[in-house]
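A quick write-up on the structure given underneath.
Each chain gets a letter, A, B and so on, in the order the sequences are listed, and its residues count up from 1. Note that this is a predicted model, so its numbers are computed, not measured.
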Number of protein chains: 2
Amino acid sequence: MSTNKKSSTLSEIAKIAEVSVMTASRALNNQPGVSEEKRAEILRIAEDMGYVANRIAQRLSGGKSRVIGVIAQLHTLYTSDLVLGIGSALRSSKYEMLVYSLSDTDSQPPQAIVSLLRQFVDGIIVILPFQSDYLVSLSDADLPIVTIDEGPHNNFPKIVADNYQGARLAIQHLANLGHRRIGFISGNNQLASARDREQAFRDMQAQLGLDTDPELVASGNFLQQGGFNAAKELLRLSDRPTAIFAANDISAVGAMAAIRDAGLNVPEDISLVGFDDVAVASQIYPTLTTVKQPSAQMARAAVNTIVAMIAGIEPASSIIVLPTELVLRASTRPLGEVVAMPNSKRPRHIKNRISPAG
Amino acid sequence: MSTNKKSSTLSEIAKIAEVSVMTASRALNNQPGVSEEKRAEILRIAEDMGYVANRIAQRLSGGKSRVIGVIAQLHTLYTSDLVLGIGSALRSSKYEMLVYSLSDTDSQPPQAIVSLLRQFVDGIIVILPFQSDYLVSLSDADLPIVTIDEGPHNNFPKIVADNYQGARLAIQHLANLGHRRIGFISGNNQLASARDREQAFRDMQAQLGLDTDPELVASGNFLQQGGFNAAKELLRLSDRPTAIFAANDISAVGAMAAIRDAGLNVPEDISLVGFDDVAVASQIYPTLTTVKQPSAQMARAAVNTIVAMIAGIEPASSIIVLPTELVLRASTRPLGEVVAMPNSKRPRHIKNRISPAG
DNA sequence: CGAAATAACGGTAACGCTAACGTTATTTTT
DNA sequence: AAAAATAACGTTAGCGTTACCGTTATTTCG
């Protein structure tokens, strides 16, 4: 067993091995210029003393820190899923992850964090980049940046889910159930994901011949309260929708509360579909039909991209789109159906395939 | 406006100000030994050039990095709440926070992260320390450590909620509603919080003369699936409980699913109480009566403690206990009551006061 | 077999900063 | 007015590491 009470330095193990620090450095970094015997001995001694290289010093002397910075708002499950995914994708690499958690009111980190990251990390993954001005200065400083989802003026390589197709699947599903009057609760339109979902809604309205009153679009903000308020608006309409598609699950949860608050039931009176498939979607009652984002794959793609960029390889494409799929649960039902429907024990999954717009 | 394209160094601004680097350093660090005119000029030039001190270099030369490391499992809302709270408590200090996210299967970070933190951060806050062996080596290396909640062999200053009293409030509430046969879904007994809640349950069983069959305690693990399975067990009892107290909200959500799965309803057939008051508690249907942990205050206390420790002040007490309170929602109801109860619009809060055990 | 290439090292400087000690002038003290 | 204290600087060294350029021996080649 190695003891590492006092974290030994390179010069210490060099002294014990009776070599120069440079030889020790070369041996430990697997670089040429050391005989095999010396290398083995140095490695043995280092192991013995529990030596771990000081990454602060390595970084200062011009090297890499092998740390990836992640900037995220941690108070939503969806974001946490991605962070966890990044962590596990990174586990098989030689990089570590440190996360800066944006508060729910901030759209960008304080200047101190920005310069700290610039000084310390080798690359940055930004989840839901509501704002990206501050990222430009980092990028100018040769720091590789990858974003998950797309914010305004986002010229960095980005990983996104196929929000447009996912939303189409959701609307198609509601239409298949006979719904013609479908309300939409929008998200935060700073994000391309929100815009894409809304665009899909509008396109499908036209394509499928759904009701198109402008009042059928209520603006949310991806938060529960926003979903609640938006649903309230939709329910106040004289001719109220028979189904609602919320731009994300949290909005849908808010909408569900609003619907219940109005004395109505999901799905008996109103069908409801969300987006993301966060944990709460399968935990609430009724369980929520939603569009699943491939967060694990997105995280992996982000990691692969940033690692490649750190290695100096420019990514082949500046955007990677991953497929979404519809997850059917208990919050949707055919229009007008009155027969009691047992809780479906296991949700069915529908792959992201839809006939092209004709 | 200051431009900071290339992040200038101390020697650069020293050259421009025509002083030595030390004078510049002293001026910028507000230390004596510089005339007021020079100080002002140096500050002006630094501002002009957008100078920010390199914390990597500061750290290497023996100083502080002004970074607090946070170790947490990010996939539960409760933990995220605490992380967010730590972030905002830190915002008014001169420290920044970087989070290492433990995967859901790991109870301790990899060695690489441990040594990285040791080299870089000034102090560490650990949330839910399932395991703390690895922390001892950090503490030996003079790194201040504070934990939120208490793990095994935890000799570090710790911030905890009053789990015992909170659990008592919950049981008392159920007993007040007439329940005598109350089931308990335990948590992860590695954590003192889990043990305290269970102890309170057992103590109250005796004190209030409740049913005490051993089968009334089912073991969960603070996770939804664990709560689901535990509730299934409780429901299989020939004489099944009329109320269930789950050691945390996520277990309670799992229990709710199990209850529904068995064709029963909350609260008509079974009253249910959770612990934590995470967001989902007020989002599910029926909304969950639970014990609220003061996460914002806990976060603030942790920050105050770690900052004091970094400043060399040993904390007055090695444990800070903060009060919990019962939040009444829709998942509990008097035993045997059949009258329809409207959703209470606004939950009532009951302060953590209970008559002393007599 | 002498010149050139190679392998295996060591020394020095640098990354950006600060602690610790010098070195001057300018005050203050007695 | 000489000695002592103080203020305002500058110089040097060092944090732990690596890049770059030596310096030796040993090998390779024409």
Side-chain angles (χ1 to χ4, degrees), chain A residues 4 6-43 45-46 49-67 115-116 118-122 141-142, chain B residues 4 6-43 45-46 49-67 112 115-122 141-142:
Chain A
N4 52 357
K6 274 284 162 193
S7 77
S8 45
T9 73
L10 197 53
S11 71
E12 279 174 42
I13 77 153
K15 187 173 296 177
I16 295 181
E18 292 177 310
V19 295
S20 72
V21 279
M22 272 316 298
T23 303
S25 172
R26 280 188 274 254
L28 289 162
N29 290 346
N30 227 35
Q31 279 180 339
V34 200
S35 66
E36 277 316 310
E37 308 91 67
K38 291 226 171 195
R39 185 189 300 276
E41 192 190 349
I42 290 167
L43 259 51
I45 293 175
M49 303 189 55
Y51 170 79
V52 282
N54 187 323
R55 285 151 94 162
I56 301 297
Q58 287 181 320
R59 175 67 172 175
L60 188 60
S61 96
K64 305 293 184 184
S65 64
R66 300 206 314 281
V67 175
S115 46
L116 180 63
R118 182 203 327 237
Q119 292 160 2
F120 187 48
V121 304
D122 293 343
D142 280 327
Chain B
N4 52 359
K6 274 283 160 195
S7 77
S8 45
T9 73
L10 197 54
S11 71
E12 279 174 42
I13 77 152
K15 187 173 295 176
I16 296 182
E18 291 176 309
V19 295
S20 71
V21 280
M22 270 316 296
T23 303
S25 171
R26 280 188 273 254
L28 289 162
N29 291 346
N30 227 33
Q31 279 179 340
V34 199
S35 65
E36 278 315 311
E37 309 92 66
K38 292 229 170 194
R39 184 189 301 274
E41 192 189 350
I42 291 167
L43 258 51
I45 293 175
M49 304 188 55
Y51 170 79
V52 283
N54 187 322
R55 285 151 93 162
I56 302 296
Q58 286 180 320
R59 176 67 173 177
L60 188 59
S61 95
K64 305 293 183 183
S65 63
R66 301 207 315 278
V67 174
S115 46
L116 180 64
L117 290 175
R118 181 202 329 234
Q119 291 161 2
F120 188 47
V121 304
D122 293 344
D142 279 327

Identify every side-chain donor-acceptor pair in residues 13-32 of chain A under 3.5 Å, counting partners at least two apart or on other chains, and give the distances.
{"residue": "A:Ser20", "atom": "OG", "partner": "A:Met22", "partner atom": "N", "Å": "3.4"}
{"residue": "A:Ser20", "atom": "OG", "partner": "A:Thr23", "partner atom": "N", "Å": "3.2"}
{"residue": "A:Ser20", "atom": "OG", "partner": "A:Thr23", "partner atom": "OG1", "Å": "3.1"}

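Following rounding to the nearest Å, B:Glu12 (CD) and C:dA14 (C1') show an atom-to-atom distance of 15 Å. The separation between B:Leu60 atom CG and D:dC15 atom P is 9 Å, rounded to whole Å. Going from atom CG of B:Asn30 over to atom P of D:dA8 covers 14 Å, rounded to whole Å. If you take OH of B:Tyr51 and C1' of C:dG16, they are 8 Å apart, rounded to a whole angstrom. If you measure from atom CZ of B:Arg59 to atom P of C:dA19, you get 14 Å, rounded to the nearest angstrom. As a whole-Å value, the separation of A:Asn54 CG from D:dG14 P is 18 Å. Computed from coordinates, the B:Glu41 CD to D:dA8 C1' distance equals 15 Å when rounded to whole Å. Distance, A:Leu10 CG to D:dC15 C1': 13 Å, rounded to whole Å.
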What are the atom names and distances for every N/O pair under 3.5 Å that joins the protein to nucleotides 22-28 of chain D?
none

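Contact record, B:Asn54 with A:Gln119: CA-NE2, 3.4 Å, taken as the closest heavy-atom pair.
Proximity of B:Lys38 to the phosphate of D:dC9: a side-chain N or O atom is located under 4.0 Å from OP1 or OP2.
Side-chain contact between A:Lys64 and A:Gln58 is absent, with no heavy-atom pair separated by less than 4.5 Å. Side-chain contact between A:Ile45 and A:Tyr51 is absent, with no heavy atoms from C-beta onward closer than 4.5 Å.
Contacts between residues 17-25 of chain B and DNA chain D, defined by a heavy-atom separation below 4.0 Å, involve B:Val19, B:Ser20, B:Met22, B:Thr23, listed by number.
Of the candidates D:dA8, D:dT18, C:dG16, D:dT18 carries the atom nearest the A:Gln58 side chain, counting heavy atoms from C-beta on. Of the candidates D:dT18, D:dT17, C:dG16, D:dT18 carries the atom nearest the A:Asn29 side chain, counting heavy atoms from C-beta on. Side-chain proximity of A:Ser35 to C:dA19, C:dC9, D:dT17: nearest is C:dC9. For B:Gln31, taking side-chain heavy atoms from C-beta onward, the closest of the listed nucleotides C:dA19, D:dC9, D:dT17 is C:dA19.
Within 4.0 Å of B:Gly33, counting heavy atoms only, lies at least one base atom of the nucleic acid.
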Does the side chain to side chain contact (heavy atoms under 4.5 Å, CB included) test come out yes or no for A:Asp122 and A:Arg59, once each step is laid out? CA-CA 9 Å; A:Asp122 293 343; A:Arg59 175 67 172 175; 3.1 Å; yes
Please report the C-alpha distance between B:Val67 and A:Phe120 in whole Å, then the side-chain angles of each, then the deciding distance to 0.1 Å, and finally whether the side chain to side chain contact (heavy atoms under 4.5 Å, CB included) criterion is met. CA-CA 12 Å; B:Val67 174; A:Phe120 187 48; over 6 Å; no
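Interatomic distance, A:Ser61 OG to A:Ile56 CD1, rounded to the nearest 0.5 Å: 12.0 Å.
Across the helix from C:dC1-D:dG30 to C:dT30-D:dA1, the helix axis at one end is tilted relative to the axis at the other end by 40° (nearest 10 degrees, each axis from five pairs).
Both B:Glu36 and A:Val52 sit near DNA chain D, but only B:Glu36 has its closest nucleotide nearer the 5' end.
In terms of the salt bridge (charged side-chain N to carboxylate O under 4.0 Å, His left out) criterion, residue partners of A:Glu36 (sequence neighbours excluded) are, by chain and number, A:Arg39. Scanning for salt bridge (charged side-chain N to carboxylate O under 4.0 Å, His left out) contacts around A:Arg66 gives an empty result, with sequence neighbours left out.
The base of C:dG10 sits within donor-acceptor range of the side chain of A:Arg26, with an N or O pair under 3.5 Å.
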